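Working notes, structure below.
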Protein chains: 4
Amino acid sequence: MSTGSSHKPGRRGDTRQRIQDITLELIAEQGYEKTSLREIAERLGVTKAALYYHFKTKEDILVSLFQDLTAPIDELIEWAAEQPHTMATKQEILTRYGTAMVDAAPLFRFMQENQATVRELSIGNNVKDRATKLVDFLLPEDASLADRVRCFSALISMHAGMFMLKETEGDPEEKRRAILEVATELVTRAHEH
Amino acid sequence: MSTGSSHKPGRRGDTRQRIQDITLELIAEQGYEKTSLREIAERLGVTKAALYYHFKTKEDILVSLFQDLTAPIDELIEWAAEQPHTMATKQEILTRYGTAMVDAAPLFRFMQENQATVRELSIGNNVKDRATKLVDFLLPEDASLADRVRCFSALISMHAGMFMLKETEGDPEEKRRAILEVATELVTRAHEH
Amino acid sequence: MSTGSSHKPGRRGDTRQRIQDITLELIAEQGYEKTSLREIAERLGVTKAALYYHFKTKEDILVSLFQDLTAPIDELIEWAAEQPHTMATKQEILTRYGTAMVDAAPLFRFMQENQATVRELSIGNNVKDRATKLVDFLLPEDASLADRVRCFSALISMHAGMFMLKETEGDPEEKRRAILEVATELVTRAHEH
Amino acid sequence: MSTGSSHKPGRRGDTRQRIQDITLELIAEQGYEKTSLREIAERLGVTKAALYYHFKTKEDILVSLFQDLTAPIDELIEWAAEQPHTMATKQEILTRYGTAMVDAAPLFRFMQENQATVRELSIGNNVKDRATKLVDFLLPEDASLADRVRCFSALISMHAGMFMLKETEGDPEEKRRAILEVATELVTRAHEH
DNA sequence: TATGAATGAGAGTTCATTCAT
DNA sequence: AATGAATGAACTCTCATTCAT
């Protein structure tokens, strides 16, 4: 992605994008608090003040990342709302969700590993709302408490699996399929009364 | 047998203990970075400098909490190493693990919500090691990739479930049972080839 | 005949004027230091850089306001210099001064409330000079120290009165007359040896 | 005042006092906004952080100065409240007020020259309250609008006189007497119906 | 007649940590 | 067993100003 090499003159007018890219990279690695604006600016080869030309606050950079990168999740939710509550739909929800996560992997890794931070930030509610909605789509009509746990676990396992199985041996694509399989299994189980 | 630094309670010197208690309370609520020594000291009614009489650094407080509160997990691992690899054993591992988590709930909540921080701290490896060992105990002998995911999910779901189902309605004890049920189910599934 | 820098209104280029208006409004409310160019630009709906097309520096905006709004005071001084030193003249000086103040109320309020700032700025000397000259016009020939104080008080009271009696009840016009009355009284007293 | 010379080891435990002294000196000269904590710290030979050991914020330093230095004014108000409303009392109010101002001259100079700043700060209301109370003590019972202006002018003239007549020639003590004379005259006039 | 993009300097504030007492 | 006093480094953020377009 990006031209990859020379940084001084580089692109024209893509600074905003580059701020987002580098910020995402850094907070996924180090967390939000430990990533300073100085560090972001240094990596970009600009001044801290330049960041403030493009974003109003530090948190605003993160918010913009969320808005840009979680749009697919919102679309997924919108789509799901119009579908019949069949297992096929639920299966597709999981699949799509997996794809969205892989596409925005660093952001999801950040969310997974910095839940305390996310909770305190302005995006916290959004995140929780979406999770609740998604679980609701997966639930059977007469869900028992255990069924709720199953569907919740399905989502959680996808999140955690994506980022904590990195050090396990095996082809990533294969691992992804295995995770999806288990998640689907959990949702299916929830429907077998 | 004391761990070298001569700091066992010593009867009537419970400040050390109180530092740990308040620190745990605060980091579970706010995270590690956002909890300052000033805040801890203020809540205790002592000076920041007093903290340094009892602990070498801020991180040291956290480390001591880990050592004190995760001992049951280590014992569980030791115990498990001597048991036969039967489903009954595995079932008991999950049960005991659940109990240990509830007993040290704030610490586990902290670990769940601040994975990035934990990873960077000196305790990070410990945590990962223990998780790996526990998953290994749960695995069947001829585990497929999906089986690994199942056993991993079992543990993860227990963690996440304990702290994210707080706002779901229902009796806590009942919820705990449901979580355990699903976790057991996942491990069982892993053995049904 | 334009003053060199080509910046007379020129019909349909009222931005310069609007910058002055908004700046005056803001510094009268908040003071000079606490009014930023960003704020001025935002209120105008232009960029900060646009301000620099019309004025060389922040201070320059203030200077221009002074030059435009205190012209009547200069004219008053010129006029007074040609009048006989009678009480009637002095009475009229006070009256006219009051009118000038009301006409440029925000600027005078700013001067009253930000004396430290005005003193440090390039306009500081102007202000002091004018005050001295005006007091001199009001003084009797054989003025005692107390007489100087009386005439000085007359002017000061007009300034302070105009802006600090705002929260007192009563018709503004009436208050103005009362202030003028007291000022005149002070000058008269100074002449009663 | 103070030992005057060597600054490095100097006093023990008087840092708080020295912060107040230097801050007062600087804000009287330059104003509040233009006086930075860096400057204060440098003059003291300590770090900015040291200031924060003694005061919670920049504004807090100013507040502490107010509390310490305007106590005599509060006492004056308390005293006045118990006196009969005679001209002798009023005369003494003015005299005492003048003394209090001279004793805390730099602070009063700051207040006189930075009214906009004072107004916005937490001390603003205090200042206004006190002024109102003092004027009320000076007023005759059946005060006309002009009488209010006279008493108000009396106070204002004392303030302004003290700091703006600095460059006029003459013995300071003599000037002070002249100012008091005019102020008394104004209050007297207010009672001559 | 303006804007977009940036800078350098500096602001106030907070932090973990130290050390003599 | 603890305090008082301080430090150095870092933080987020704002400012007036510049300049190519």
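Order of the sequence lines fixes the chain letters, A, B, ..., with proteins taken first and strands second; residue numbering starts at 1 for each chain. Just so we're clear, the structure is a prediction, and the values are computed from it rather than from any experiment. Atom set for the values below is all heavy atoms of this structure, side chains included, hydrogens, waters and symmetry mates excluded.
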Tell me, what's DNA chain E's dot-bracket, Watson-Crick or G-U with both distances under 3.5 Å, | for other-strand, [ ] crossing?
.||||||||||||||||||||
For C:T23, which residues count as a side chain to side chain donor-acceptor pair (under 3.5 Å) partner, sequence neighbours excluded?
none
Checking D:E29 now: which residues fulfil side-chain contact (heavy atoms from CB on, under 4.5 Å) with it, not counting sequence neighbours?
D:E25
For C:Y52, the side-chain contact (heavy atoms from CB on, under 4.5 Å) test, sequence neighbours excluded, returns C:L37
Any residue meeting salt bridge (charged side-chain N to carboxylate O under 4.0 Å, His left out) with A:K48, in chain and number order, not counting sequence neighbours:
none
Rounded interatomic separation in angstrom, taking CG from C:D14 and P from E:dT1:
11 Å
Whole-Å distance between F:dA6 P and D:R16 CZ?
13 Å
So the salt bridge (Lys or Arg N to Asp or Glu O under 4.0 Å) pairs with at least one residue in residues 105-127 of chain D (sequence neighbours excluded) are C:E113-D:R119, C:R119-D:E113, D:R109-D:E113
Taking only residues two or more places apart in sequence, or in another chain, which ones meet A:S122 in a side chain to side chain donor-acceptor pair (under 3.5 Å)?
A:E59
Go through residues 23-50 of chain B and report each residue with a non-hydrogen atom lying under 4.0 Å from DNA chain F, sorted by number.
B:V46, B:T47, B:K48, B:A49, B:A50
Has D:H54 got a side-chain N or O lying under 4.0 Å from the OP1 or OP2 atom of F:dG4?
no
note: A:L51, atom CG; F:dT14, atom C1'; distance rounded to Å ~ 13 Å
Taking side-chain contact (heavy atoms from CB on, under 4.5 Å) as the test, write out the residues that go with B:D60, two or more places apart.
B:F55, B:K56, B:T57, B:V63
Just N and O in the side chain of A:T57: are any of them under 4.0 Å from OP1 or OP2 of F:dT12?
no
By a strict heavy-atom criterion of less than 4.0 Å, which residues belonging to residues 58-68 of chain C are in contact with DNA chain E?
none
Can a side chain N or O of B:Y52 be found less than 4.0 Å away from OP1 or OP2 on E:dT17?
yes
Distance test, side-chain N/O of D:Y53 to OP1/OP2 of F:dA6, below 4.0 Å:
no
Partner residues of C:V127 under the side-chain contact (heavy atoms from CB on, under 4.5 Å) criterion, sequence neighbours left out:
C:F66, C:M111, C:V118
So, using side chain to side chain donor-acceptor pair (under 3.5 Å) as the criterion, who are the partners of A:Q30 when residues are at least two apart?
A:T35, A:E39
